[in-house]
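Single-structure report; data block below.
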2 protein chains.
Amino acid sequence: MGKATRENSSPAPFAAEKLRTAGLRPTRQRMELAAHLFCGDDRHVTAESLHDEVARAGIKVSLATVYNTLHQFTAAGLLRQVVVDAVRGYFDTNTGDHQHFFLEDEGTLIDIPGEAIQVAGVPAAPAGMAVDRVDVVVRVKRT
Amino acid sequence: MGKATRENSSPAPFAAEKLRTAGLRPTRQRMELAAHLFCGDDRHVTAESLHDEVARAGIKVSLATVYNTLHQFTAAGLLRQVVVDAVRGYFDTNTGDHQHFFLEDEGTLIDIPGEAIQVAGVPAAPAGMAVDRVDVVVRVKRT
DNA sequence: TATCTTCTTTAGAATTATTCTAAAAAATGT
DNA sequence: ACATTTTTTAGAATAATTCTAAAGAAGATA
Ligand SMILES: [Mn+2]
Ligand SMILES: [Mn+2]
Ligand SMILES: [Zn+2]
Ligand SMILES: [Zn+2]
């Protein structure tokens, strides 16, 4: 019999699949980070928040590896980066067309479906330039 | 009739006026930074770029004072901050309603008039939150 | 003017998010 | 197993920004 690895029952095959498709070796660290990122609803994390989260789950991954992994997942198209705050960088598991509310008091992001928002009247890009993307950030504060 | 404007009045009295109105003492450093920021067309600067610029003009101001001054000007409503890049913060002399092109290759900002762009379909803010502002960043790259 | 008080400036240290280095560890192919 | 390649990681390094605290400048008062 193969060794029964009870710890990695449900999320494992799913995460391993994602990693292999992305051309990344399914290491323990990547599997665990992928499980936290992709086995649930879409979410927004910072390197620090994800590192804290896996640490609280008793998983030992260095912060450098969290940074490396977030960037590799981004390069593989599994994540996108969101720039809303000067002091911390966010990564988003929702890579589809959508925009964000940013709760300035909490530092929280909330998705706005891409179909909901329309941006009209964007002038032609400057000469020699092409539009890469249009980001909308709706900054909200506690009333 | 010859009404004094920002472009044709001499920098010093204009800058001193702005500072006094903002409740800030017109020190040499503030006057010089204000002259560079406000006596010409609207512009986008980083602390470093403004510090380099005044240094090249032979003016001696510490980087700490540039940061202090940019924040004081922002608090006084003379500048606004623009978050487009994770590695550097931008300050904008145009405090009116407008949006931006961000040239990712160069790190340059270009204004888009507020009347030009319309954002429709923004959902209601989350409970207990009010919209502070809606920022649109059109990220462009060299073709 | 001289004096008093309140800001302001500044050098340098500290902070913080992130990246880099380079050596050990793990994964994969044969 | 062995060889090759990739990955992880501790700790050092980087870079934007902020902080500290002491010296300097500005405004008020007489
Ligand atoms: Mn972070
Ligand atoms: Mn920054
Ligand atoms: Zn999102
Ligand atoms: Zn602008």
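Each chain gets a letter, A, B and so on, in the order its sequence line appears, and its residues count up from 1. When reading the values below, keep in mind they use all heavy atoms of this one structure, side chains included, and skip hydrogens, waters and symmetry mates.
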> Hey, what's the ring geometry for H98(B) with H44(B), parallel, tilted or perpendicular (30° and 60° as the breaks)?
Replying inline: tilted

>> Of the listed nucleotides (dT17(D), dG12(C), dT9(D)), which one gets closest to any side-chain atom of A47(B)?
In response: dT17(D)

> Does a side-chain N or O from T27(B) land closer than 4.0 Å to OP1 or OP2 of dT9(C), or not?
Replying inline: yes

>> Measure CZ/R28(A) against P/dT8(D) and give the value in whole Å, please.
In response: 9 Å

> Hey, which of these two, A64(B) or R30(A), hits DNA chain D nearer its 5' end, going by closest nucleotide?
Replying inline: R30(A)

> Under 30°, 30 to 60°, or over 60°: which ring-plane class applies to F102(A) and Y90(A), parallel, tilted or perpendicular?
Replying inline: perpendicular

> Taking only N and O in the side chain of Y67(A), is any of them less than 4.0 Å away from OP1 or OP2 of dT18(C)?
Replying inline: yes

> For E48(A) and dT15(C), what is the distance between atoms CD and P respectively, to the nearest whole Å?
Replying inline: 16 Å

>> From C-beta outward on R25(A), which listed nucleotide comes closest to its side chain: dT9(C), dG27(D), dT7(D)?
In response: dT7(D)

> S62(A) side chain: which of dG27(D), dA17(C), dA10(D) is closest?
Replying inline: dA10(D)

>> For dT10(C) and T65(B) - does any side-chain N or O of the residue sit under 4.0 Å from the phosphate oxygens OP1/OP2?
In response: yes

> Is the distance between the ring centroids of F73(B) and F38(B) under 6.0 Å?
Replying inline: yes

>> What contact category does H51(B) fall into here, base, sugar-phosphate, or nothing, at under 4.0 angstrom with non-hydrogen atoms?
In response: nothing

> Which sits closer to the 5' end of DNA chain D, N68(B) or K60(A), going by the nucleotide each is nearest to?
Replying inline: K60(A)

> Hey, does the side chain of H71(B) come within less than 4.0 Å of dT17(D)'s phosphate (OP1/OP2), counting only N and O?
Replying inline: no

> How far does OG of S62(A) sit from CD of Q29(A), to the nearest 0.5 angstrom?
Replying inline: 7.5 Å

>> Please tell me if Q29(B) has a side-chain N or O lying less than 4.0 Å from either OP1 or OP2 of dA25(D).
In response: no

